[in-house]
Amino acid sequence: MKNNKKKKSSVYLLIIFLTKCIRISMKTPRNWFQAIRLWIFFLLEYIFAALSATFYEKMFEGALQIANGEFFLYTLTYALSGIMLQTAVIYILRSRRNCWAMKLSNDIEDELDAYLDRHFCRISYEHYNNPKVYEDIALIQGNIKGMFCDLFITEKSMALFGSAAAIIINAVILLRVNAWVAILIFLGNLIGIWQRFYQAKHNYYREIADVSERRWSASYFNVIGNRQTVKEVRFLGITDYLFKAWENITRKIDRRTRRLSVTYSIFDLCQALISGAINVAALILTVYLIIQGQNSAPEFILVYYAQGALQGPAGDLINFFANLQTIGKYTEKWLSFDQYPDEESIGNVPPENGGINRIRFENVSFKYPGTERRVLNNISLSIFEGEKIAVVGRNGSGKTTFVSLLNQLYEPTDGKIFICNTPAKCWRKYLRRNSMTLFQDYPRYENTIRDNIKFGNIRRETDDAFLISCLKKGGFYDKLQKLPAGIETPVGTYYPDGIELSGGEWQRLALSRAWARDNAQLMIFDEPTSALDAFGESLVYKQILALLDDTKTAVIVSHRLTITPYVDRILVFDNGAIVEDGNHEELMKIDNGIYSALYNAQANLYN
């Protein structure tokens, strides 16, 4: 596999890069029209700039005619008019081009951002625990857009064609003077090729080395002003510590950047001295040829201005080819990132009988990616349609991981999970559309209450009556009645008219959102009352049990055992294994049982 990667040339990777970017961002005829218009203006600008040497030659020729007593001003007038017209045309072309380029660049960057974000949101959940994935997406997203815009619509986009046109025009002009003069000037402008290739390669590896530290730096800085953390940051008095940590990492990166800048400056100076010496040699040769009578005096001006006119296009062309290797490396990273499977397209096989009748774990073990410790170990059980199951156990015993596998967020490390005798991954998309999970770390959507409920079942047509019924089921309706704007009220302080909710109110709103998934055949509640008081907890559990009919399977994870006497079955986890399985009465009879110990400990606290 590594050998195959090495065989991919920079030109091949450039074609792949351009093809992908064009396919993603250039979807409309309007974008193509804007791009073609920009290319035409680029080409015209290069052509007009390349004609400057001819106009300056004519101007010098006219000046010599006047100096020799010839009062024929046609040549001088022609040259001055040409220079003025050229300057005006280039200014108009450049100003219009910059305006169009900015707009098209924004459109292209938005499309590429949307594509990368969409793919990132659809890859398997297990990759979200891999720091390398975050570093890769930061590198790709931070460089791909700029590289494509540079190649496609900015000054660098015509480096290959416009610069080639300018070089050809100036080459023709210089060859009129002398072939050796042309060779010397081209050699002087191309002397920096090695340096540019070295810088491009080194900049890529520096970016790779810096990306992890930049993420650390951003994490410290974001904590300082984050509304979720600012209270504790102020209370603990760690603002200065966080700032210092951020500054230390930033300064470390800046020091490396400055050292590289000094190195590059030395290279630039050496290249400028060598290039300048070669160009001076070309001018000396031109003077010698004039003295020998092989060339005229105005041709010195022609050589001088052609020399200057070549510097920009030659530099653009060198940078273009130097950047090919960098583009190739980022394209390889992009191709690797695209190989992560699109999880949303997997597992849309509907059940033959139209329902999730049985879920079976068969010798399932699991360890998180990048770790060696088994969080779940040899789990075997079956969950049948209509069962109401409580999952209990000490902290770290594997309860939430069990729920994550049940949701198909992860694939087992060993063993298999079946739904109706079919591998669960074949059902993944169907399962998620026909199940509901209230996660322990549920998100707080700072949107309107209406949106908060609609998010629970975005594919369902919802009216106000349905939304209010969900809020009643989740226990948020009493709060809703006190709000002047009703379900249109924004929650959280992100909006000027938003209201802040207590921890318990946020949890009730999340529970209301869960009830919006009224088509759910499997309902999972992971610590649904962790932020509620004892009275609220009792009401919520009574509501849950009352609303779950015989067609709905429910799995309830809880540290507090208020609900366990009323469910059909209790799974007790310890050290990643199911150590007890039965109903409340059966488990209370086990001598020295974990469940009976947990239940009695909580009962004694209340007593």
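The first residue in the sequence is number 1, and the count goes up from there.
A pairwise comparison of heavy atoms in W334 and I140 identifies CA-CD1, 3.8 Å as the closest pair. For the pair G474 and S512, the tightest heavy-atom approach, listed with the atom from each and the gap, is CA-OG, 3.3 Å. For the pair G486 and I449, the tightest heavy-atom approach, listed with the atom from each and the gap, is O-CD1, 3.8 Å. Residues N407 and R432 approach most closely at O-NE, 3.4 Å, considering heavy atoms. L405 and I417 get closest at one heavy-atom pair: O-CD1, 3.8 Å. In plain terms, the two heavy atoms of M523 and A514 that are nearest each other are CE-O, 4.4 Å.
With a 4.5 Å cut-off on side-chain heavy atoms, N98 and R94 count as touching. You'll find the side chain of I90 stays beyond 4.5 Å of the side chain of T87, heavy atoms only. In this structure, the side chains of T448 and I487 stay at 4.5 Å or more apart for every pair of heavy atoms. Residues D254 and R258 have side chains in contact (heavy-atom distance under 4.5 Å, counting atoms from C-beta outward). Proximity of Q408 to L431: side-chain heavy atoms (C-beta onward) are separated by under 4.5 Å at one or more points. For the pair N447/Y495, a side-chain contact is recorded, criterion being any heavy-atom separation below 4.5 Å from C-beta on. In this structure, N457 and T462 have side chains that are not in contact, with every pair of non-hydrogen atoms separated by 4.5 Å or more. Counting heavy atoms from C-beta on, the side chains of V233 and I224 never come closer than 4.5 Å.
Around atom CH2 of W32, more than 12 heavy atoms belonging to other residues, nucleotides or ligands sit under 6.0 Å away. Shown here is F221, whose CZ atom has no more than 12 heavy atoms of other residues, nucleotides or ligands within 6.0 Å. Atom CZ of F455 sits in a crowded spot, with more than 12 heavy atoms from other residues, nucleotides or ligands closer than 6.0 Å. Around the CG atom of D240, the shell of radius 6.0 Å holds no more than 12 heavy atoms that belong to other residues, nucleotides or ligands. Atom CZ of R234 is surrounded by 12 or fewer heavy atoms from other residues, nucleotides or ligands within 6.0 Å.
Among I238, V230, L242, the one residue that satisfies the side-chain contact (heavy atoms from CB on, under 4.5 Å) test with V223 is L242.
Side chain of R433 to main chain of R428: no donor-acceptor pair is present (N/O by atom type, distance under 3.5 Å, no hydrogens or angles). Judged by distance alone, the side chain of D526 and the main-chain N or O of T400 form no donor-acceptor pair under 3.5 Å. For the pair R374 (side chain) and S365 (backbone), a donor-acceptor distance under 3.5 Å is absent. Checked by atom type and distance alone, the side chain of N452 never pairs as donor or acceptor with a backbone atom of R513 at under 3.5 Å. Although no hydrogens or angles enter the test, the distance criterion places a donor-acceptor pair under 3.5 Å between the side chain of Q507 and the main chain of E527. Side-chain atoms of S105 do not come within 3.5 Å of backbone N or O of M102 as any donor-acceptor pair.
We find the SG-CG distance between C21 and L112 to be 5.0 Å, quoted to the nearest 0.5 Å. The CE atom of M147 sits 12.0 Å away from the CG atom of L18 when rounded to the nearest 0.5 Å. Note: C149 SG to L104 CG = 7.5 Å, rounded to the nearest 0.5 Å. The structure places CD of E111 at 7.5 Å from CG of D107, a figure rounded to the nearest 0.5 Å. From K333, atom NZ reaches atom OG of S336 across 7.5 Å, with rounding to the nearest 0.5 Å. Taking CD1 of I453 as the start and CD1 of I458 as the end, the distance is 11.5 Å to the nearest 0.5 Å.
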Between I108 and F148, is a side chain to side chain contact (heavy atoms under 4.5 Å, CB included) present by the stated rule, with each step listed? CA-CA 9 Å; I108 287 174; F148 179 61; 3.5 Å; yes
Show, in sequence, the C-alpha distance, side-chain angles and deciding distance for L522 and M436, and conclude whether the side chain to side chain contact (heavy atoms under 4.5 Å, CB included) test is met. CA-CA 6 Å; L522 171 66; M436 180 284 301; over 6 Å; no
Trace of the side chain to side chain contact (heavy atoms under 4.5 Å, CB included) decision for F402 with F366: CA-CA 9 Å; F402 169 73; F366 178 77; over 6 Å; no
Under the side chain to side chain contact (heavy atoms under 4.5 Å, CB included) rule, what do K329 and T331 come out as? Steps first, then yes or no, please. CA-CA 5 Å; K329 291 182 183 299; T331 303; over 6 Å; no
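For W100 and F41, the gap between ring centers is short of 6.0 Å. Taking the ring centroids of F17 and Y330, they lie at or beyond the 6.0 Å cut-off.
No side-chain donor-acceptor contact under 3.5 Å links Q440 and S530. Neither side chain, Y410 nor T401, offers a donor N or O lying under 3.5 Å from an acceptor on the other. No side-chain donor from either of E247 and Y220 sits under 3.5 Å from a side-chain acceptor of the other.
Residue pairs meeting the salt bridge (charged side-chain N to carboxylate O under 4.0 Å, His left out) criterion with at least one member in residues 484-509, sequence neighbours excluded: R450-E488, K479-E505.
Of the charged side-chain nitrogens involved, at least one lies within less than 4.0 Å of a carboxylate oxygen, so that R256 and E213 count as a salt-bridged pair.
For Y115, there are no ring-ring contact (aromatic ring centres under 6.0 Å, His included) partners two or more places apart in sequence or in a different chain. Partners of K367 under the salt bridge (charged side-chain N to carboxylate O under 4.0 Å, His left out) rule, at least two apart in sequence or in another chain, are E372.
Note on ring orientation: taking the six-membered ring where Trp is involved, the planes of F337 and H119 are perpendicular (angle over 60°, cut-offs 30° and 60°). Classification of the F525-W515 ring pair by plane angle, with boundaries at 30° and 60°, yields tilted.
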